[in-house]
Each structure stands twice: as C-alpha cells, then as structure tokens.
S.K.: 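The structure is given below, and queries will be raised subsequently.
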Amino acid sequence: MLDPAAIVATPAPGRACGACTLCCKVYDVPAVESVAGQWCRHTRAGQGCGIHATRPQHCRSFHCLWMTESWLGPEWKPDRAKMVLTLDPVSRSMNVQVDPGQPNVWRREPYYGQLRRWAAASLPLKRHVLVHHNKTTTLVLPDRDVTLGVFAEGDRLVSRERMTAGGMTVDVEKVSPVG
Ligand code: SF4
Ligand code: SF4
C-alpha cells in the first residue's frame, strides 16, 4: 500500500534521526530482503544503518513525517511514539505504521486524541487517517475506528455521508474491484 521510496522529501531544519531506526523495522525493503515487522539485518540498535554508505536508494529517499514537518512535537518522534507517520504522495491520507511490538500504542494519549482530530480535519478533504499493524489496516474516524483488514491490489476506500439523530456522520468502507 505504501511505497516509502515514492516519498522523497527534505528533512526540516534541525531534524535528524538520531538513535531512531524504526523505519528499518516497519516496512518491507526488498533491496535488502527486509520484511515488515522484523528489524532489517543491517540495523545497528541506537546507531543507525550498518551499511550507511551503500544503503539502497529506497532507504536514502525515505524521510518520515516527523523528519520533514517541524510542527510535529517531540512526542511524535518515531522511536518515542513507536509509530512512523507518512503522507500518501497521491491521496494525501496519513499513514500511521505502528511498531508491531507495541500494536496498541496508537490508542494511548496524547496520540489517539490527535489522530481523531486529524481525522476530523481530513474528512472534508476526502483524506483519511489509516493505522497499519504490519499489513492490517484500521481507519480512524473522528468518532470511531473501522477495521479494514488487509488491502489487496485495486481495493479503495469509499465514503458516504449519512444523517443521524445526532447530525451528519460519515461511513467509510473498503471496496474491492468487481470480477
Ligand atoms: S522513522 Fe523517521 S526518524 Fe526514525 S529513522 Fe526513519 S526517517 Fe529517521
Ligand atoms: S539497509 Fe540500512 S537504512 Fe535500509 S532498512 Fe536496512 S538498516 Fe535501514
């Protein structure tokens, strides 16, 4: 679903990975046969990449949202938050890839409340906040979470507004290609 190599951005002034290496655990990196959910074998805990000078382009290109956006506070640094934030370069939806060692960390504060506020701000723009635990996705809405499961090729999200006694709400579902 997410191709980190498609996200090429410049770090914000003063931002540096430091001891963080979480993106070396949560994504597939085929060039070094690293599988999402397990540390890449080249990761050096608290130090970074053991093959820094020759690391794949995939790794050189990637910067998480905390690295590129100075408005994200220190609590969102991935090695502290235990989640890596990115914006989808096409849909502009927010992807939250959690450390599979702490799959429920996103439900804790201050994270959960902020994810819901971002969801509320994103919905009118037909953008979403998506939490991924390995390949399993949960959609965060302003008032509830929706388990979407694993996305297959061609799956997409469809939003529909619905009037309730408490006002307008939005339903979002995953739709698969017909046939
Ligand atoms: S998750 Fe972000 S801060 Fe951490 S190592 Fe990767 S790019 Fe750097
Ligand atoms: S090659 Fe280096 S930068 Fe790339 S995933 Fe492995 S440890 Fe991280």
Side-chain angles (χ1 to χ4, degrees), residues 1-18 20-28 36-37 61-151 155-164 166-175:
M1 180 172 190
L2 171 70
D3 178 5
I7 304 171
V8 180
T10 307
R15 288 280 152 109
C17 297
C20 181
T21 52
L22 192 55
C23 57
C24 304
K25 180 180 182 183
V26 299
Y27 298 123
D28 288 327
S61 304
F62 180 77
H63 296 103
C64 69
L65 205 61
W66 185 85
M67 281 287 284
T68 61
E69 305 298 330
S70 52
W71 51 266
L72 278 171
E75 72 279 16
W76 286 100
K77 188 164 188 266
D79 56 352
R80 179 165 158 191
K82 308 301 179 192
M83 351 175 199
V84 182
L85 305 186
T86 56
L87 282 185
D88 185 288
V90 177
S91 70
R92 309 305 288 168
S93 286
M94 177 178 283
N95 288 297
V96 181
Q97 193 78 42
V98 300
D99 181 343
Q102 299 201 38
N104 294 314
V105 69
W106 61 282
R107 292 186 192 275
R108 296 183 198 146
E109 296 299 345
Y111 303 111
Y112 194 43
Q114 184 60 68
L115 293 175
R116 286 191 156 195
R117 287 192 289 279
W118 283 333
S122 301
L123 263 187
L125 303 172
K126 298 198 183 309
R127 298 172 183 170
H128 301 293
V129 175
L130 298 160
V131 175
H132 310 284
H133 171 214
N134 291 332
K135 307 290 189 212
T136 302
T137 299
T138 301
L139 171 74
V140 178
L141 290 172
D143 57 349
R144 65 196 187 282
D145 310 324
V146 181
T147 302
L148 299 173
V150 178
F151 273 73
D155 285 354
R156 61 195 174 90
L157 293 177
V158 174
S159 310
R160 293 185 187 85
E161 291 185 337
R162 176 169 52 88
M163 184 57 81
T164 71
M168 193 69 81
T169 188
V170 177
D171 293 325
V172 182
E173 63 176 326
K174 184 178 68 172
V175 175

S.K.: With heavy-atom distances below 4.5 Å as the criterion, would you say the side chains of Arg80 and Cys20 are in contact?
M.R.: no
S.K.: Please list, chain by chain and in numerical order, all residues satisfying ring-ring contact (aromatic ring centres under 6.0 Å, His included) with Trp106, sequence neighbours excluded.
M.R.: Tyr112
S.K.: Got Tyr111 and Val131 here, is their nearest side-chain heavy-atom distance under 4.5 Å?
M.R.: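 No. Closest side-chain heavy atoms not under 4.5 Å.
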S.K.: Assess whether atom CD of Glu109 is packed by more than 12 heavy atoms of other residues, nucleotides or ligands within 6.0 Å.
M.R.: yes
S.K.: Please list, chain by chain and in numerical order, all residues satisfying side chain to side chain donor-acceptor pair (under 3.5 Å) with Lys77, sequence neighbours excluded.
M.R.: Asp79
S.K.: Is any side-chain heavy atom of Leu148 less than 4.5 Å from a side-chain heavy atom of Val146?
M.R.: yes
S.K.: Mind checking side chain to side chain donor-acceptor pair (under 3.5 Å) for Arg107 and listing every partner two or more places apart, or none if nothing turns up?
M.R.: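 Testing Arg107 for side chain to side chain donor-acceptor pair (under 3.5 Å), a comparison that skips the adjacent residues, returns Asp145.
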S.K.: Please walk me through it: do Arg108 and Lys82 pass side-chain contact (heavy atoms from CB on, under 4.5 Å)?
M.R.: CA-CA 11 Å; Arg108 296 183 198 146; Lys82 308 301 179 192; over 6 Å; no
S.K.: Mind checking the CG-SG spacing from Leu22 to Cys17? Nearest 0.5 Å is all I need.
M.R.: 11.0 Å
S.K.: CZ of Arg162 to CE of Met168: how many Å apart, nearest 0.5 Å?
M.R.: 10.5 Å
S.K.: Thr137 versus Lys174: any side-chain heavy-atom pair under 4.5 Å?
M.R.: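 Answer no - side chains too far apart.
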S.K.: Would you say the side chain of Thr86 lies within less than 4.5 Å of the side chain of Tyr27, judging by non-hydrogen atoms?
M.R.: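 Tyr27 vs Thr86: side chains touch.
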S.K.: Taking the side chain as every heavy atom from C-beta outward, state whether Arg156 and Phe151 have any atom pair closer than 4.5 Å.
M.R.: no
S.K.: Do the rings of Trp118 and Trp71 sit parallel, tilted or perpendicular, given the 30° and 60° boundaries?
M.R.: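 Geometry flag for Trp71 against Trp118: perpendicular rings.
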S.K.: Show the numbers, then the answer: is there a side-chain contact (heavy atoms from CB on, under 4.5 Å) between Leu85 and Cys64?
M.R.: CA-CA 6 Å; Leu85 305 186; Cys64 69; 5.9 Å; no
S.K.: Got Leu130 and Leu157 here, is their nearest side-chain heavy-atom distance under 4.5 Å?
M.R.: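 A side-chain contact exists here, since the closest heavy-atom pair is under 4.5 Å.
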